[in-house]
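Read the structure below first, then the notes.
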There are 4 protein chains.
Amino acid sequence: MAHTTIAEKVDRRDGRVIRAERRRIERRATILHAAESVFAQRGYHAASVDHVIKAAGVSRGTFYLYFESKSAVFLELLDGFSFRLMSAIEVVDASAPDAWIRVLSNLQRVVGLLVENRALAAVLFRSAVGLDETVDQRLERLHAHWRKMLVGALENGAARGMVRAVNSELVATALIGSIKETLIEALIKADKTVHVGELARTLMDLHLSGLRPR
Amino acid sequence: MAHTTIAEKVDRRDGRVIRAERRRIERRATILHAAESVFAQRGYHAASVDHVIKAAGVSRGTFYLYFESKSAVFLELLDGFSFRLMSAIEVVDASAPDAWIRVLSNLQRVVGLLVENRALAAVLFRSAVGLDETVDQRLERLHAHWRKMLVGALENGAARGMVRAVNSELVATALIGSIKETLIEALIKADKTVHVGELARTLMDLHLSGLRPR
Amino acid sequence: MAHTTIAEKVDRRDGRVIRAERRRIERRATILHAAESVFAQRGYHAASVDHVIKAAGVSRGTFYLYFESKSAVFLELLDGFSFRLMSAIEVVDASAPDAWIRVLSNLQRVVGLLVENRALAAVLFRSAVGLDETVDQRLERLHAHWRKMLVGALENGAARGMVRAVNSELVATALIGSIKETLIEALIKADKTVHVGELARTLMDLHLSGLRPR
Amino acid sequence: MAHTTIAEKVDRRDGRVIRAERRRIERRATILHAAESVFAQRGYHAASVDHVIKAAGVSRGTFYLYFESKSAVFLELLDGFSFRLMSAIEVVDASAPDAWIRVLSNLQRVVGLLVENRALAAVLFRSAVGLDETVDQRLERLHAHWRKMLVGALENGAARGMVRAVNSELVATALIGSIKETLIEALIKADKTVHVGELARTLMDLHLSGLRPR
DNA sequence: CATGAATGAGAGTTCATTCAT
DNA sequence: GATGAATGAACTCTCATTCAT
């Protein structure tokens, strides 16, 4: 992306450039994966560029050839993961009869994705603040994005009578918080097997029906 | 402190010793407050002893005269605040007719305390993991303590018919998460005025009645 | 070193890699020599990493690139020198007719080596104790090793009738002390020219024949 | 010595001053003793002013009221000990029939003194160099003094036929070295009981008769 | 005289980033 | 492109000394 413009690629499609391009992409991926596992194991701060390049089998200089900085790699991991998370969420038609089942499916897919990528998920959720100015800002933005999505869904749902009318900003934040916290707990502390289904169902039941005895 | 016996202190209660003692306490408080705001602004890692001493208007040596280490100050802030938080919570008799009102009062007091000490609250809630072994452990312990308390309350409440039976571990974690997240939002991002009452009421209403339309 | 396999090194024996390798070795030597002279001038404690890097014309980071710590450099100097010293000593067959001449040769070689490396010798002999646990232990070990060697030689010599029977532990220690002290004097205080031959001969004569008039 | 001149003492011998003076002397001694044991236990460098004042039960300021600096205390200990050592040596008339016995007595007294004050002796002997500029210089001076004394004795003895003619400078240094080294060994490493008599006798025998079989 | 709070220069070490080869 | 040697600012912490009280 950085040094080889698309124009160049089109210009000399004689094989050489293509192969070099492929090499570039592979190298980038190698470093990215190495960084992921290092960050996941040690957290953002305790993970050093040294750890990453050793895990990737790449020289120091090469690292900086493919990534601007330590925080840039982290940012990219963040973005990629966030994208996959977003992609797992399917828009639910509130008027459909199985609307709630579909919401539950969404939640299950999200939880499943997080559990599958537990290491990265843990890093993303626990490395809350103070890592690096750029990283902090991006995390903030991601959060804002998620919250906005949820706010929209709540208001939409309220309009269609699926949920009752609430302070949607506040409730959205609360829902995110409850998901994050239960997942952190589930991912990091407990024994490694997480019942994705139960977790999702319990959360949904709680938020749907509340704690008051029926 | 070492060579000033209690006798001596009593002997010369003519101002000298007393004033010195007061100065010590004030100095300590100055540093502690400076540390609080620095930690709140930058997070544990990005905050350096240098920042703290400059904010406190104190020399490097003085800092280490009053605190053993950077992590020691942080730990002290943590412990002190956690204690005040705990003290704000009153045990509620589940069979009392005004039980829910008292729970709401508890929640309001906690939220109020957090809002009043927004800087410290931010530190407490947002500080990432992987900072320092001691700090990590203490944060973990605090969290475990809070969760255990809530789990106890939920199970007690379920036994008395105040709340329905749920997976109390999971629900406790979810509740903590929702409180944490809404408070982080309220404290840091939004305009400085937080409606303590509304926040507490909304949270309680959400968790009590859920989102399903009545 | 880590990612440069031997194959690679062989592959491009066209100068590049070789020159880099040589540069590394030279740099290491530069730092080591700088450290040697700094340690010699100021002693272990008064010598700081700062002094060393300034003397070597090298940055702080570079120092730690080549050596693990301040004590590591010192230890390396110690070990290297001790090895050369040991290598200078030839085992003497006590039954040979020129045994004493060979002992004298040994002594001369040792003294010569010390005089040639006066800076290092000074470090080795004068450095005080209580500097650093690791350093202390190593110095102790070296000393013990030398003493043991001498004790063995004395007992062996006594068995073959070359020397008379004495408290070999005590005498070995005394011999070492006399060598150390005369060398410290010779190396550091006096004018720079030391008569290696005379020093060795005088010492040997003293210890062989004693002070009593013949 | 420092703040109360003799003139003052004579001026107002009304009791007050005298008592104050006595207090001063006692305090000074207290600190000095504390320093001695601290230095002995930890060596010059590892011993801090903090250790000393705590051992003496005296405040930081008071320490600096009686001694100019950390090194000043050490210097004073050094001087005092050196003085006692010198006082233990009796001038031997080389023409007396029991001259050698008297030399042995001297050696025994010196060794005995060192053994009695093993802690301090060890510090003095092992803290060779690089402690502090002032301390280094003083140690050098002390050494030079001892050596000069011994050189004089050797030359005197040679003139009277008590010992044979040797390079007295070199031999004096060698003798000092052998005494120092054996004492360090005896004082620090070995089990606590040192046979003063044997040590002195062995040393003297070695230096008198040498190692050559009779 | 006595105190001990305050100082700040200096210690060793780390690590993200640069750049000559 | 790729390398890894080199950099230096920044970090936490120590301790001999000063000085207001």
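On a predicted model such as this, the values are computed, not experimentally measured, just so you know. Below, chain A is the first sequence line, B the second, and so on; all start at residue 1.
Put simply, the side chain of B:T62 never gets that close to the backbone of B:V58: no donor and acceptor are under 3.5 Å apart.
Annotation: the span from C:R24 atom CZ to C:Y66 atom OH amounts to 4.5 Å, rounded to 0.5 Å. Between the CG atom of C:L75 and the OG atom of C:S69 there is a distance of 8.0 Å, given to the nearest 0.5 Å. Going from atom CZ of D:F63 over to atom CD1 of D:I53 covers 8.5 Å, rounded to the nearest 0.5 Å.
If you check every strand for non-hydrogen atoms under 4.0 Å, D:A72 touches nothing.
Per the geometry, CZ belonging to B:R42 stands 12 Å off P belonging to F:dA10, to the nearest Å. One interatomic measurement links the two molecules: OH of B:Y44 to P of F:dT12, which rounds to 8 Å at whole-angstrom precision. Spacing between atom CG of D:D50 and atom C1' of E:dT3 amounts to 14 Å, rounded to whole angstrom units. Taking atom CD1 of B:I53 as the reference point, atom P of F:dC13 lies 12 Å away to the nearest angstrom. Atom NZ in A:K70 sits roughly 15 Å away from atom P in E:dT18 (whole-Å rounding). Atom NE2 of B:H45 is separated from atom C1' of F:dA10 by 12 Å (rounded to the nearest Å). Taking atom CZ of C:R23 as the reference point, atom C1' of F:dG4 lies 12 Å away to the nearest angstrom. Rounded to an integer number of Å, the gap from B:E21 CD to F:dT21 P is 17 Å.
Listed in residue order, the members of residues 25-32 of chain B having a heavy atom less than 4.0 Å from DNA chain F come to none. Using a 4.0 Å cutoff on non-hydrogen atoms, the parts of residues 56-69 of chain B near DNA chain E are B:S59, B:R60, B:G61, B:T62, B:L65, B:Y66, ordered by number.
Listed by chain and number, the residues in a side-chain contact (heavy atoms from CB on, under 4.5 Å) with A:Q41 amount to none (sequence neighbours excluded). Residues passing the side-chain contact (heavy atoms from CB on, under 4.5 Å) test with B:A29, sequence neighbours excluded: B:H33.
Contact annotation: the side chain of B:F39 never approaches that of B:L120 to less than 4.5 Å [non-hydrogen atoms, C-beta and beyond]. For the pair C:F67 and C:R28, the minimum side-chain heavy-atom distance is below 4.5 Å.
Note on D:E76 versus D:R138: no salt bridge recorded, every NZ/NE/NH1/NH2 to OD/OE distance being 4.0 Å or above.
Pairs passing the salt bridge (charged side-chain N to carboxylate O under 4.0 Å, His left out) check and including a residue from residues 52-69 of chain B, sequence neighbours excluded, read B:D50-B:K54, B:D50-B:R60.
Cation-pi contact between D:K70 and D:Y44: present, with separation from the ring centre below 6.0 Å and deviation from the ring axis of at most 45°.
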- Query: Once Watson-Crick and G-U wobble pairs under 3.5 Å are found, how is DNA chain E written in dot-bracket notation, 5' to 3', with | for any base paired to another strand?
  - Reply: .||||||||||||||||||||

